Amino acid sequence: MNTSSKQRLSFQARRSHFSHNIAATTLIDTIVTKETNLCVSADLTKSSEILALADAVGPFICMLKTHVDIIEDFSDSFVSGLQSLAKKHNFVIFEDRKFADIGNTVQLQYSSGVHRIASWSHFTNAHPLPGEGIVTGLKAVGKPLGRALLLLAQMSSAGSLFTAEYTSQAVAMAEKHRDFVVGFIAQKRLSSPHDFLVLTPGVNLAEAGDDMGQQYRTPKTVMADGCDVIIVGRGIYAPGRDPAVEAKRYRDAGWGAYLDSLA
Ligand code: S5P
């Protein structure tokens with residue numbers, strides 16, 4: 001779908017483009033039913049904190065993003081707690097693992113170890129850097145389970161080494177594996193004859209960045225650039241903020257900007 005933001009199709013109209021992938025259609029159904037394109041990034045180090053955050057923001061999100069390798073007390077009961085909250089509030093789970101190794105290794109990292117990511121996370125992501133084997137390795141594990149992969153095609157951080165050529169190679173890799181790769185982590189809609197979801201981090205209503213290179217834009221700007229899902233972390237749970245209040249504020253901003261950008 002080679003669209004500019006002004007020609008954006010609704011999520012409902014795009015659903016059939018993803019009918020081959022249950023994780024993607026579940027995400028779209030959740031977005032449409034709950035009228036939210038907000039993904040909260042729960043970058044916290046204690047299971048109880050993440051579960052409390054997920055319960056507080058649950059009514060306002062379509063997706064919860066985790067970094068399970070930062071959790072000090074990761075356990076199977078954390079996973080079942082998260083799955084119960086996902087059911088209670090109707091959101092999907094995205095483990096932001098950013099795989100970046102050869103196919104054989106990522107297959108093991110995705111299926112095995114302490115985290116067994118493929119067994120519980122609807123979405124995960126990978127760098128296209130090592131070449132196509134990273135996708136075939138992850139797909140062998142994830143596709144039979146109905147999971148979906150996002151490729152990192154651009155990043156929000158200052159000085160990133162992603163070039164326009166690299167980004168278009170990422171799109172080409174995704175096009176070859178549309179049965180499993182349903183979208184990108186990127187900063188804008190990317191040109192392709194096929195439809196892909198664009199999930200966009202680096203979103204904040206108050207800050208322009210942090211002191212380690214993160215760069216923020218507003219929900220309005222990223223939706224005008226054709227992005228589909230806004231990923232917000234510290235904007236929602238930073239000290240002194242009420243996560244439920246902030247999640248509603250970002251949900252309203254993200255959904256309002258989406259409606260404004262519809263054709
Ligand atoms: O380009 C990127 C890609 C990702 S997945 N920039 C990012 O910031 N992220 C992730 O989004 C990052 O790992 C973090 O979990 C989240 C942004 O968090 P925030 O607190 O800056 O909103």
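Residues: numbered from 1 along the sequence shown. The basis for the numbers below is simple: all heavy atoms, side chains too, and nothing from hydrogens, waters or symmetry mates. Whatever order the structure lists ligands and atoms in, that order sets their numbers, starting from 1. Since this is a predicted model, take the numbers as computed values, not measurements.
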Query raised in the report: For atom 13 (O) of ligand 1, what's the nearest protein heavy atom and its distance?
Result: His67 NE2, 3.0 Å
Report task. Between Asn204 and ligand 1, find which residue part has any heavy-atom pair under 4.0 Å and reply side chain, backbone, both or neither. Result -> neither
Report task. Run the numbers for me: atoms of ligand 1, each under 4.0 Å from some heavy atom of Arg234, listed by number. Result -> 19 (P), 20 (O), 21 (O), 22 (O)
Query raised in the report: Is Asp29 salt-bridged to Arg15, going by a charged N under 4.0 Å from an acidic O?
Result: yes
Query raised in the report: Would you call Lys65 a ligand 1 contact, heavy-atom distance under 4.0 Å?
Result: yes
Query - Hydrophobic cluster membership, Leu199 vs Leu190, 4.5 Å side-chain cutoff - result: yes
Query raised in the report: Under 4.0 Å from ligand 1, counting heavy atoms only, is it the side chain of Ser41, its backbone, both or neither?
Result: side chain
Query - Numbered atoms and elements of ligand 1 in range of Tyr216, under 4.0 angstrom, heavy atoms - result: 19 (P), 20 (O), 21 (O), 22 (O)
Query - Protein heavy atom at shortest distance from atom 14 (C) of ligand 1 - result: Asp43 OD2, 3.2 Å
Report task. Would you check if the side chain of Ser168 reaches a backbone N or O of Glu165 as a donor-acceptor pair within less than 3.5 Å? Result -> yes
Requested in this report: Using a 4.0 Å heavy-atom cut-off, say whether Gln214 meets ligand 1 through its side chain, its backbone, both or neither.
Outcome: side chain
Requested in this report: Show which atoms of ligand 1 fall inside a sub-4.0 Å distance from at least one heavy-atom site of Ile185.
Outcome: 3 (C)
Query - Plane angle bin for Trp120 and Phe74 - parallel if under 30°, tilted between 30 and 60°, otherwise perpendicular - result: tilted
Report task. May I ask you to check if ligand 1 and Asn125 share an N or O to N or O distance below 3.5 Å? Result -> no
Report summary line: For Asp96, the ligand 1 atoms with a heavy-atom partner under 4.0 Å come out as 5 (S), 10 (C), 13 (O), 15 (O)
**Report entry** Protein contact of atom 4 (C) of ligand 1 - nearest heavy atom, named by residue and atom, plus distance
**Finding:** Pro201 CG, 3.4 Å
Report task. Specify whether His89 and Phe91 have parallel, tilted or perpendicular ring planes, treating 30° as the upper limit for parallel and 60° as the lower limit for perpendicular. Result -> parallel
Report task. Can you pull out the closest protein heavy atom to atom 1 (O) of ligand 1? Residue, atom name and distance to 0.1 Å, please. Result -> Ser156 N, 2.8 Å
**Report entry** Charged N-O contact under 4.0 Å between Lys220 and Asp260
**Finding:** no
Query raised in the report: Does any N or O in the side chain of Gln187 come within less than 3.5 Å of the main-chain N or O of Pro201, such that one atom is a donor and the other an acceptor?
Result: yes
Report task. Report yes if Gly233 has an N/O atom closer than 3.5 Å to an N/O atom of ligand 1; otherwise report no. Result -> yes
Query raised in the report: Taking the side chain as C-beta and beyond, is there a heavy-atom pair between Arg8 and Met223 under 4.5 Å?
Result: yes
Query raised in the report: Are Asp43 and Arg234 within salt-bridge range, i.e. N to O under 4.0 Å?
Result: no
Report summary line: Here the atoms of ligand 1 under 4.0 Å from any heavy atom belonging to Lys98 are 4 (C), 5 (S), 13 (O)
Query raised in the report: Taking the six-membered ring for Trp, are Phe18 and His20 parallel (under 30°), tilted (30 to 60°) or perpendicular (over 60°)?
Result: parallel
Report task. Could you list which atoms of ligand 1 come closer than 4.0 Å to a heavy atom of Met155? Result -> 1 (O), 2 (C), 3 (C)
